[in-house]
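Chain identifiers are assigned alphabetically (A, B, ...) following the order of the sequence lines, protein sequences preceding nucleic acid strands; residue numbering begins at 1 within each chain.
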Amino acid sequence: MQFEPRDQFEQRQKKLEQIQALGYEAYPREFRWTETAAALVEQYGQTTGAELEANKREVRVAGRIVSYRLMGKAGFAHLQGSGKRIQIYVRKDVVGEKAFQLFHLLDLGDSIGVRGHLFRTKTNELSIWVEELFFLSKALLPLPEKWHGLTDVELRYRQRYLDLIANEKAREVFVTRARIVQELRRFFDARGYIEVETPMMHPIAGGATARPFTTHHNTLDITLYLRIAPELYLKRLTVGGFDRVYEINRNFRNEGISTQHNPEFTMLEFYEAYSNYRDLMDMNEQLFALVAKNITGSTTVKYGETELDFSNMQRLTMREAIVKYWPADAGEAPALAELARPGGAQEATNRYNAWAKRTGAPYAAAKGTLADGEWTGLLFETMAEDKLVQPTILYDFPTEISPLSKQKPEDPSLTERFEIYVAGMEVANGFSELNDPGEQERRFLAQIAQGGEEVPKQLDVDYIRALCHGMPPTAGEGIGIDRLTMLLTDSASIRDVILFPLLRPEAGGESSSTTEAHGA
RNA sequence: AGGGGCGUAGCUCAGUGGUAGAGCAGCGGCCUUUUAAGCCGAAGGUCGUGGGUUCGAUCCCCACCGCCCCUACCA
């Protein structure tokens, strides 16, 4: 063991020995507490000193020492527990010689327990008059600075535990995240859904277009992929008669890292038999409004500089969005009929790009030859996606970019698919599920023929077979939990809502990392 | 991957081409209602790493490492 700062580490080890020499256990096994610091602050925040004095109440509280002021034969400290802190007052003439020596040997960061009663100090702060002191655990390394806390973003991510101790805001974000997941479970449980867990290691990485992580199973000697989506397994379950299922868990995509992307991220995916994408759109309006309300207290949520109104989601088709957000000075906006016409989306994109070139706006760069639907998707993403700040349901996606969605009966070039955009981010993606095995096989084969790293190399025959056993008409959707949490906690980066976001491993350690770094 | 920014004491930050500073934390002392406690004293640094320019580099230049932001890929 050698951690910086060495001098403080050694100093604290010495203190721990002295504490043991006093007769205290170095690492005791338990402490029976009666309430948390947070509960006391909540319960007695309004109680006066006189009331506390008249009605002495014994409490036993445990926590981490986050402030410490020693004055000769007495001292104050704050104990932090359940995210809140309460002051303790320790007097030598009350706790006795030995316990007061222990108090002397404590450091910021140590865990202790106290028995005593509540009172208010001269300055009227709710405090515990300590009668007995219990040593619980030593912090051999110091806490971050008490006033500024921990601001170094890298340390906040790498040593999240320090962030959680020092920054109440950080703690709140993760408590809120847990509440969001709870809300979602409640929502689906109440609608007769059952929660399931499907494999995370897939022989064929399907259900989305993304580059997978590759791994290997020794005994079977097979290549496996970390799942990029649970979709195909969940739909097998709807074949199996689980008419309403959901799963909340991790997906893994071997893609870039940004404020909106972490290689592993949490998705809620759910499938509802006998419903279509319009049913889901209606359900989403309820869901988002309800979750926003229950989590933040209002359907209007502050996010950065804007106010997001979840009570009123606009709905636009993808083509409508392109027309609506067409730049005013980029010439005539395309008509819906033009976008629908063969070659029309490409022509519109060319017009847009000519304008983008003049003005330096983002350019719609096509890689290879695109189908009409791909042009539409590309154009939308380039010029409209980031304009969708207020919660928006975008629907009717081109078939070419929606391999798992059912086509619209009146227009096979479009599918019954929607995505929900908020603050320019895609937070949900749902559709009427394609359950025609023949059509599904054709689309998979077309994908494979087209190739690319984000596309499986082989046909998922088992999934096609499952469809052949008959899947009821079903609508399904995925909601990005990390991004939803960002929106409801006013977090600018996905790393602020993931406890341990992926970072490059710390340097200075072992051999291999450096050699690999040079190869990359 | 490309562009921009940052990296100085454990933490939060100043600073300068001439061998480095503050506050907090830590150490010793005084202090029985303090709360960013106070007062006195001492300590703490390969200024991210490696090269180069220079009589001399923490500062200027180059490369590398790490993090952040933007763009690209993606949800």
Side-chain angles (χ1 to χ4, degrees), chain A residues 3-12 14-15 49 66-78 85 87-95 100 107-109 119-125 127 129 139-159 162 166 208-211 228-229 251-267 269 360 362-363 365 367 381-382 385-386 419-421 425-429 452-454 478-484 486 492-495 501 503-508 513-514 517-518 520:
Chain A
F3 297 104
E4 294 297 321
R6 286 299 292 274
D7 56 334
Q8 292 195 42
F9 190 87
E10 286 162 10
Q11 184 64 41
R12 286 166 182 238
K14 262 182 223 145
K15 285 184 179 180
V66 291
S67 81
Y68 180 80
R69 297 172 294 284
L70 180 63
M71 295 160 298
K73 298 188 180 63
F76 290 92
H78 277 97
R85 44 185 65 183
Q87 181 169 260
I88 63 168
Y89 180 47
V90 181
R91 292 169 59 113
K92 187 176 181 180
D93 60 0
V94 175
V95 299
F100 203 70
D107 286 295
L108 289 182
F119 78 110
R120 283 190 183 271
T121 61
K122 272 184 185 168
T123 51
N124 207 35
E125 177 165 352
S127 307
W129 181 281
L140 295 173
L141 291 170
L143 246 32
E145 203 244 13
K146 66 178 176 187
W147 188 240
H148 299 91
L150 190 67
T151 58
D152 183 315
V153 280
E154 182 179 354
L155 283 183
R156 295 214 301 122
Y157 299 148
R158 286 196 194 280
Q159 293 180 265
L162 293 181
T209 45
R211 284 147 69 194
I228 55 175
N251 293 328
F252 308 85
R253 298 189 184 173
N254 207 338
E255 310 276 357
I257 296 175
S258 78
T259 46
Q260 292 170 34
H261 302 83
N262 193 62
E264 54 177 303
F265 62 102
T266 300
M267 198 124 96
E269 258 192 43
Y363 191 82
K367 286 173 305 190
E381 283 170 21
T382 309
E385 183 173 1
D386 62 334
E419 290 188 343
I420 297 176
Y421 286 86
M425 283 192 294
E426 181 190 335
V427 294
N429 178 17
E453 271 186 291
E454 333 53 49
I479 297 180
I481 300 301
D482 312 278
R483 289 180 177 179
L484 179 61
M486 287 170 68
S493 170
I494 200 167
R495 291 185 205 92
L503 300 178
R504 201 177 296 274
E506 278 184 279
S513 58
T514 47
H518 287 129

Exercise. Would you mind classifying the nucleic acid contact of A:Gly256 as base, sugar-phosphate or nothing, using non-hydrogen atoms under 4.0 angstrom?
Key: base
Exercise. Grab the CZ-P distance between A:Arg6 and B:rA25 for me, whole Å please.
Key: 24 Å
Quiz item: Does the side-chain contact (heavy atoms from CB on, under 4.5 Å) test come out yes or no for A:Glu426 and A:Arg483, once each step is laid out?
Solution: CA-CA 8 Å; A:Glu426 181 190 335; A:Arg483 289 180 177 179; 4.0 Å; yes
Practice problem: Take atom C1' in B:rC27 and the same atom in B:rA43, then report the distance between them in whole Å. | Solution: 7 Å
Quiz item: Which residues satisfy the side-chain contact (heavy atoms from CB on, under 4.5 Å) test with A:Ser258, sequence neighbours excluded?
Solution: A:Gln260, A:His261
Quiz item: Choosing from B:rC69, B:rC11, B:rC68, which nucleotide comes nearest the side chain of A:Leu155?
Solution: B:rC11
Practice problem: Tell me what A:Asn124 touches on the nucleic acid: a base, only sugar-phosphate, or nothing, going by heavy atoms under 4.0 Å. | Solution: nothing
Practice problem: Consider the side chain of A:Thr259, meaning its heavy atoms from C-beta on, and name the nucleotide among B:rC69, B:rC68, B:rC11 that approaches it most closely. | Solution: B:rC69
Quiz prompt | Closest to side chain of A:Val153, choosing from B:rU32, B:rC11, B:rC68 | solution = B:rC68
Exercise. Go through the N and O atoms of the side chain of A:Gln8 and the base of B:rA25, and report whether any donor-acceptor pair is under 3.5 Å.
Key: yes
Quiz prompt | A:Lys14 side chain near B:rC27 phosphate (N/O to OP1/OP2, under 4.0 Å) | solution = no
Quiz item: Considering only heavy atoms from C-beta outward, does the side chain of A:Met486 approach that of A:Thr259 to under 4.5 Å?
Solution: no
Quiz prompt | Closest-nucleotide 5' rank along RNA chain B - winner of A:Thr209 and A:Ser258 | solution = A:Ser258
Quiz item: Roughly how far apart, to the nearest Å, are B:rC64 and B:rC73 at atom C1'?
Solution: 26 Å
Quiz item: Within the structure shown, what part of the strands sits under 4.0 Å from A:Arg156 by heavy-atom distance: base, sugar-phosphate, or nothing?
Solution: nothing
Quiz item: Can you list the steps and then say if A:Asn251 with A:Phe265 is a side-chain contact (heavy atoms from CB on, under 4.5 Å)?
Solution: CA-CA 5 Å; A:Asn251 293 328; A:Phe265 62 102; 3.7 Å; yes
Quiz prompt | Separation of atom CZ in A:Arg69 from atom P in B:rU32, rounded to whole Å | solution = 16 Å
Practice problem: Find the distance A:Ile257:CD1 to B:rA75:P and express it as a whole number of Å. | Solution: 16 Å
Quiz item: Are the side chain of A:Arg253 and the backbone of A:Ile228 linked by a donor-acceptor contact shorter than 3.5 Å?
Solution: yes
Exercise. Go through the steps to decide whether A:Ile420 and A:Val427 satisfy the test side-chain contact (heavy atoms from CB on, under 4.5 Å), and finish with yes or no.
Key: CA-CA 6 Å; A:Ile420 297 176; A:Val427 294; 3.8 Å; yes
Practice problem: Counting heavy atoms from C-beta on, name the nucleotide in B:rC70, B:rG66, B:rC68 closest to the side chain of A:Arg158. | Solution: B:rG66
Quiz item: Which of the following nucleotides, B:rC67, B:rC69, B:rC31, is nearest to the side chain of A:Met71?
Solution: B:rC31
Practice problem: Please work out if A:Phe119 contacts a base, only the sugar-phosphate, or nothing of the nucleic acid, heavy-atom cut-off 4.0 Å. | Solution: base
Quiz prompt | Span that lies between the C1' atom of B:rG48 and that of B:rC65, in whole angstrom | solution = 8 Å
Exercise. Measure the acute angle between the ring planes of A:Tyr89 and A:Phe76, then classify it against the limits of 30° and 60° as parallel, tilted or perpendicular.
Key: parallel
Quiz prompt | A:Arg91 CZ - B:rC31 C1' separation (whole Å) | solution = 14 Å
Practice problem: Write down the distance separating the P atoms in B:rC59 and B:rU8, rounded off to the nearest Å. | Solution: 14 Å
Pick out the pairs of N or O atoms, protein on one side and nucleotides 5-8 of chain B on the other, that lie under 3.5 Å.
none

Quiz item: Which is it for A:Arg69 and A:His78 under the side-chain contact (heavy atoms from CB on, under 4.5 Å) test, yes or no, and what are the steps along the way?
Solution: CA-CA 9 Å; A:Arg69 297 172 294 284; A:His78 277 97; 3.6 Å; yes
Quiz item: If you measure from the P atom in B:rG10 to the same atom in B:rG5, how many Å do you get, rounded?
Solution: 27 Å
Quiz item: So what does A:Thr121 touch, heavy atoms closer than 4.0 Å: a base, only the sugar-phosphate, or nothing?
Solution: base
Quiz item: Starting at OH of A:Tyr157 and ending at C1' of B:rC69, how long is that distance when rounded to a whole Å?
Solution: 11 Å
Practice problem: Report the nucleotide, chosen from B:rA25, B:rC27, B:rC67, that has the shortest atom-to-atom distance to any side-chain atom of A:Leu108. | Solution: B:rA25
Quiz item: Nearest to the side chain of A:Ala74 - B:rC67, B:rU32, B:rA25?
Solution: B:rU32
Quiz item: Roughly how many Å is it from OH in A:Tyr363 to P in B:rC73, rounded to a whole number?
Solution: 13 Å
Self-check item: Contacts of type side-chain contact (heavy atoms from CB on, under 4.5 Å), residue A:Lys92, not counting sequence neighbours
Solution: A:Lys73, A:Glu97, A:Phe100
Quiz item: Donor-acceptor pair, A:Asp482 side chain versus A:Thr266 backbone, under 3.5 Å?
Solution: yes
Quiz prompt | Side chain of A:Asp93 (C-beta onward), nearest among B:rA25, B:rC27, B:rU32 | solution = B:rU32
Self-check item: Distance, rounded to the nearest Å, where A:Lys73 contributes NZ and B:rC30 contributes P
Solution: 9 Å
Self-check item: Span that lies between the P atom of B:rA22 and that of B:rA36, in whole angstrom
Solution: 23 Å
Exercise. Test for a donor-acceptor pair under 3.5 Å between the base of B:rU34 and the side chain of A:Gln87, counting only N and O atoms.
Key: yes
Practice problem: Have a look at A:Arg483 and say if it touches a base, only the backbone sugar-phosphate, or nothing, with a 4.0 Å heavy-atom cut-off. | Solution: base
Quiz item: 5'-most contact on RNA chain B: A:Ala208 or A:Phe76, nearest heavy atom basis?
Solution: A:Phe76
Quiz item: In whole angstrom, what separates A:Gln11's CD from B:rG26's P?
Solution: 10 Å
Exercise. In whole angstrom, give me the gap between the C1' atoms of B:rU33 and B:rG29.
Key: 23 Å
Quiz item: Taking the side chain of A:Leu503 as its heavy atoms from C-beta onward, which of B:rG26, B:rC67, B:rU32 lies nearest to it?
Solution: B:rC67
Quiz item: When rounded to the nearest Å, what value does the distance between C1' atoms of B:rG26 and B:rG45 take?
Solution: 15 Å
